[in-house]
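First up is the structure itself, then whatever we jot down about it.
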Amino acid sequence: MAKNLVIVESPAKAKTIEGFLGKDYTVKSSLGHVMDLDSKKLSVDVENDFEPQYEISPDKKKLVSELKKMAKAAETVWLASDEDREGEAISWHLYNALKLNEEKSKRIVFHEITKNAILHAIENPRSIDKNLVSAQQARRVLDRLVGYELSPLLWRKVKPSLSAGRVQSVAVRLIVEREEEIKNFKTTSAFRTLAEFRLSEGKNTTRFTAEYAERFKTFEEAKSFVENQAGAAFEIASVEKKPGKKSPAPPFTTSTLQQEASRKLGFSVANTMRVAQRLYESGRITYMRTDSVNLSGQAIGAAKAEIESLYGNEYVKIRKFTTKSKGAQEAHEAIRPTYLNQSSISGSREEERLYQLIWKRTIASQMSDAVLEKTNVKIKSSEAAKMFVANGEIIKFDGFLKVYRESLEDTNEEKQETSLLPPLAKGNPLTLMEMKSVETFTKHLPRYTEASLVRKMEELGIGRPSTYAPTISTIQRREYVVKESRPGEKREIRNIILKDGQVKEKITHENTGNEKAKLFPTDIGTLVNRFLLQHFDDIIDFNFTSSVEKEFDEIAEGKKEWNNIIKEFYGPFHEKVQDTLKNSGKFSGEKLLGKDPKSGKNIYVKIGRYGAIAQIGDTDSEEKPRFAGLQKGQSLETITLEEALKLFEFPRSLGAYEGEEVTVAIGRFGPYVKHNKLFFSIKKEYNPASLSLEEAIQIIEAKRKAEREKLIRSYEADPDVQVLNGRWGPYLVIKKQNYKIPKDRDAASLTLEDCYAIAKDPKNMPKKRYVKKKK
DNA sequence: CAGTGAGCGAGCTTCCGCTTGACTT
């Protein structure tokens with residue numbers, strides 16, 4: 001057994017470090033936290049100074065006992081978890097879980113995974129920083145108290161299984177409020193007038209575009225302006241040249257990597273992290289969960305050498321970037337290639353593309369500025385009060401743009417038009433080729449994508465690199481928000497065109513409101529947000545996290561006691577929870593839509609136990625109300641009385657088939673046809689509202705046919721065994737238990753013995769995915 | 001997810017932040 005045991009957080013890191021240290025060192029990883037609060041209980045003693053009740057995490061029991069054994073045999077245990085709040089707590093928990101003591105254990109930290117940095121760290125050990133551990137404890141306890149008191153309140157007042165928390169509830173709030181802004185946005189239009197010119201004299205026939213400095217509010221104004229330009233004379237009034245420059249973006253952090261991979265490669269946030277993880281594990285890139293833009297000295301040196309050899313010395317510019325995002329803890333480097341001399345790697349297509357993006361961004365960050373020349377030209381018309389303006393931009397030196405250009409963020413701002421300008425001088429007469437006044441509409445703020453939501457959260461200091469992707473998944477899994485693409489609508493655009501001395505009007509079309517993979521709030525998300533805003537606006541305040549972070553910092557500095565901070569928060573918070581529990585009724589978002597014209601009963605929509613429902617009749621009337629679930633795509637916000645009434649037309653009888661009644665209805669899994677106690681789901685091609693008996697029979701017969709073809713083999717000797725054809729190909733059933741059939745076996749020729757053998761092999765057991773919700 | 005879908009109603013659900021797992025049916 002080695003004399004020294006070093007414990008880091010990640011296995012990939014452990015492997016690298018073991019290579020640096022001699023045979024006297026064994027390097028192991030803790031795989032993150034090893035202790036946590038029991039998830040089944042509150043596990044915080046609110047009566048007793050908020051003492052947290054930690055336990056060894058169930059999935060870490062084996063690992064901890066293994067580490068304990070190794071620690072016992074070792075002379076010294078080096079606790080080398082990351083140098084931040086969470087890392088310090090991990091070391092402290094290891095210290096306790098492994099039953100270490102002061103003499104036997106040492107705390108070390110390093111910022112670079114190089115031999116020198118590790119050796120230096122080992123020469124300069126320290127002890128565990130208890131204040132930093134207390135700060136982590138405060139963070140942990142606060143999140144538990146908020147999450148585990150608010151969530152059950154939601155179960156009681158809104159709907160079971162919901163959740164709320166310091167981070168996720170703010171993420172949902174951002175999406176809900178953006179949607180409200182969009183709903184309240186009033187589109188207006190104005191007429192932009194663009195003119196295409198060329199020089200009247202000389203050989204250069206390059207055309208260029210200029211925009212008139214005023215926008216017209218009405219079609220009439222625009223039209224009379226354009227008409228007046230028909231006989232006008234144009235000349236260059238001024239030419240102004242200004243130098244400009246562009247600088248490269250800093251190297252990637254988790255958040256910026258997620259944004260760029262989304263914009264440039266179309267990756268979801270979760271996918272980016274999955275691919276980056278693989279690159280990290282295969283030693284291609286540095287750690288992918290980081291908020292640091294810092295590059296190690298070694299990396300900068302390698303980047304410099306690479307740029308020099310690829311593009312030349314004039315393209316090198318060494319830069320030190322500093323992190324400006326709130327609450328950054330900087331335990332790691334920026335995300336960069338491990339070996340900068342590899343501009344590409346071989347792997348899966350996704351790995352190759354993501355790697356290349358990281359390589360380019362890192363290299364570009366150490367390259368020269370791009371040098372630009374911006375030209376602003378003003379053009380005078382003899383018949384107009386204001387000027388036409390043209391903007392040009394030429395790149396005099398490309399610098400970092402040779403390698404990488406950051407994608408533009410999706411905003412509602414119009415991009416300024418620039419065009420390539422011919423050489424122009426003051427006084428040059430111009431010939432008007434064409435003039436167009438085009439109706440343009442104002443745009444609402446864009447909806448969030450996964451990646452732009454992460455950007456916003458980082459800006460607000462909410463969440464951490466390790467939680468961005470999981471948080472985005474959580475709010476979708478809870479059905480607070482949905483990621484969707486929606487087609488836009490066609491919109492008419494009025495154009496006024498002046499060409500060859502004639503003014504014409506023309507209608508063109510544009511597609512507007514088209515959304516791709518954007519986040520939309522659901523009814524539940526909107527309702528929960530409204531509830532939290534009404535009762536706990538302080539918790540979902542955008543500044544809540546940053547203000548508690550300040551307090552955590554003071555705990556870390558030893559200026560405050562962690563349990564006092566929690567006490568100050570918990571008192572009023574808990575009281576509000578109790579008060580809401582007692583004095584506030586069900587929060588269902590109930591809305592009266594109108595009256596049923598037939599019965600005169602009220603029609604409501606609201607959120608029920610399983611989601612959005614419509615209700616006909618009043619709860620307190622003698623006759624019980626009837627309920628019907630809303631269809632996919634319908635929402636409390638937008639459903640009309642007519643649509644709600646239609647929901648009550650189910651179940652509907654279509655007539656008889658084979659002497660049995662055929663009905664159509666809508667269930668938990670969508671519309672279905674019922675016949676002779678059997679269910680047949682209705683595919684999207686059919687409309688359940690207008691389904692005819694003929695169509696229903698088609699559906700029934702199609703399913704029967706599939707059923708008939710389902711049986712591949714059965715065996716007389718054992719009727720419990722069947723080989724069936726399912727949605728994913730052939731499978732085996734023995735006594736209602738399903739088994740996979742290995743790919744190299746021919747399903748149709750399996751003997752009964754083969755079937756038993758297949759069933760015995762545990763590899764063929766169906767995977768029980770973590771199906772938490774059974775029903 | 002290898003068949004589901006309605007009435008009863010007990011028991012369950014939940015946070016954030018560290019890390020990878022064992023697979024893709």
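In what follows, every chain begins at residue 1, and chains take the letters A, B, ... in the order their sequences are listed. Here the structure is a predicted model, which means the values were calculated and not measured.
Within 4.0 Å of G463(A), counting heavy atoms only, lie sugar-phosphate atoms of the nucleic acid but no base atom. Residue contacts shown for L154(A) are absent, as no nucleic acid heavy atom lies under 4.0 Å away. Using a 4.0 Å heavy-atom distance criterion, T471(A) is classed as making no nucleic acid contact. When heavy atoms are screened at a 4.0 angstrom cut-off, R289(A) is found touching base atoms of the nucleic acid. Using a 4.0 Å heavy-atom criterion, one finds that F680(A) contacts no nucleic acid atom at all. Among the heavy atoms of the strands lying under 4.0 Å from Y287(A) are primed sugar atoms or P, OP1, OP2 only; no base atom is included. No contact: A89(A) has no heavy atom under 4.0 Å from any strand. Within 4.0 Å (heavy atoms only), S163(A) reaches sugar-phosphate atoms of the nucleic acid but no base atom. Residue contacts shown for G165(A) are limited to sugar-phosphate atoms, with no base heavy atom under 4.0 Å away. V167(A) comes within 4.0 angstrom of the backbone, heavy atoms only, and of no base.
You'll find that the side chain of R464(A) is closest to dG17(B), out of dG17(B), dC15(B), dT20(B). If you check dC18(B), dG5(B), dT19(B) against the side chain of S10(A), the one that comes closest is dT19(B). The S466(A) side chain lies nearest to dT19(B) when the options are dT19(B), dT13(B), dT14(B). With dG17(B), dG21(B), dT14(B) as the choices, the nucleotide that has an atom nearest any side-chain atom of E281(A) turns out to be dG21(B). Listed nucleotides: dT20(B), dG5(B), dC15(B). Nearest to the side chain of T474(A): dC15(B). Residue P11(A) places its side chain closer to dT19(B) than to any other of dC18(B), dT19(B), dT14(B).
By the 6.0 Å and 45° rule, R144(A) stacks over the aromatic ring of Y148(A). A cation-pi contact, defined as under 6.0 Å to the ring centre and within 45° of the axis, links R173(A) to F542(A).
An OP1 or OP2 oxygen of dC16(B) is reached within less than 4.0 angstrom by a side-chain nitrogen or oxygen of Q168(A). Side-chain N/O atoms of R478(A) include one lying less than 4.0 angstrom from OP1 or OP2 on dC15(B). The side chain of R278(A) contributes no N or O atom lying less than 4.0 Å from OP1 or OP2 of dT20(B). Residue Y468(A) has no polar side-chain atom (N or O) positioned under 4.0 Å from OP1 or OP2 of dG17(B). In this model, the phosphate group of dT14(B) is not approached by any side-chain N or O of K40(A) to a distance below 4.0 Å at OP1 or OP2.
A salt bridge links R85(A) with E549(A): the closest approach of a Lys/Arg side-chain nitrogen to an acidic carboxylate oxygen falls below 4.0 angstrom.
We find that CD of E86(A) is positioned 5 Å from P of dC18(B), with the value rounded to whole Å. Regarding D36(A), its CG atom lies at a distance of 13 Å from the P atom of dC16(B), rounded to whole Å. Put simply, NE2 on H33(A) is 13 Å from C1' on dC15(B), counting in whole angstrom units. The distance between atom CZ of F569(A) and atom P of dC16(B), rounded to the nearest whole Å, is 13 Å. Atom OH in Y148(A) sits about 7 Å away from atom P in dC15(B), given to the nearest Å. The distance from atom OH of Y610(A) to atom P of dG7(B) is 9 Å, rounded to the nearest whole Å. For E149(A) and dC16(B), the CD to C1' distance is 16 Å, given to the nearest whole Å. In this structure, the CH2 atom of W155(A) is 22 Å from the P atom of dG9(B), given to the nearest Å.
Distance noted for atom C1' between dA2(B) and dT24(B): 16 Å (whole Å). Nucleotides dC16(B) and dC12(B) are separated by 23 Å at their P atoms, to the nearest Å. If you take atom P in dT19(B) and the same atom in dC23(B), they sit 24 Å apart, rounded to whole Å. For the P atoms, the distance linking dG5(B) with dC1(B) amounts to 15 Å, nearest Å.
In this structure, a donor-acceptor pair under 3.5 Å is absent between the side chains of D38(A) and Q53(A).
Take the nearest nucleotide of DNA chain B for L31(A) and for L42(A): the residue whose nucleotide is more 5' is L42(A). Nearer to the 5' terminus of DNA chain B, by closest-nucleotide assignment, is the contact made by D143(A) (compared with the other of D143(A) and R274(A)).
The one candidate from I540(A), L153(A), D537(A) that meets the side-chain contact (heavy atoms from CB on, under 4.5 Å) condition with L532(A) is I540(A). Partner of E86(A) under the side chain to side chain donor-acceptor pair (under 3.5 Å) criterion, out of R140(A), R464(A), R139(A): R139(A) alone.
Remark: side-chain polar atoms of T467(A) are not paired, donor with acceptor, to backbone N or O of G463(A) under 3.5 angstrom.
Y280(A) has its ring centre less than 6.0 Å from the ring centre of Y287(A).
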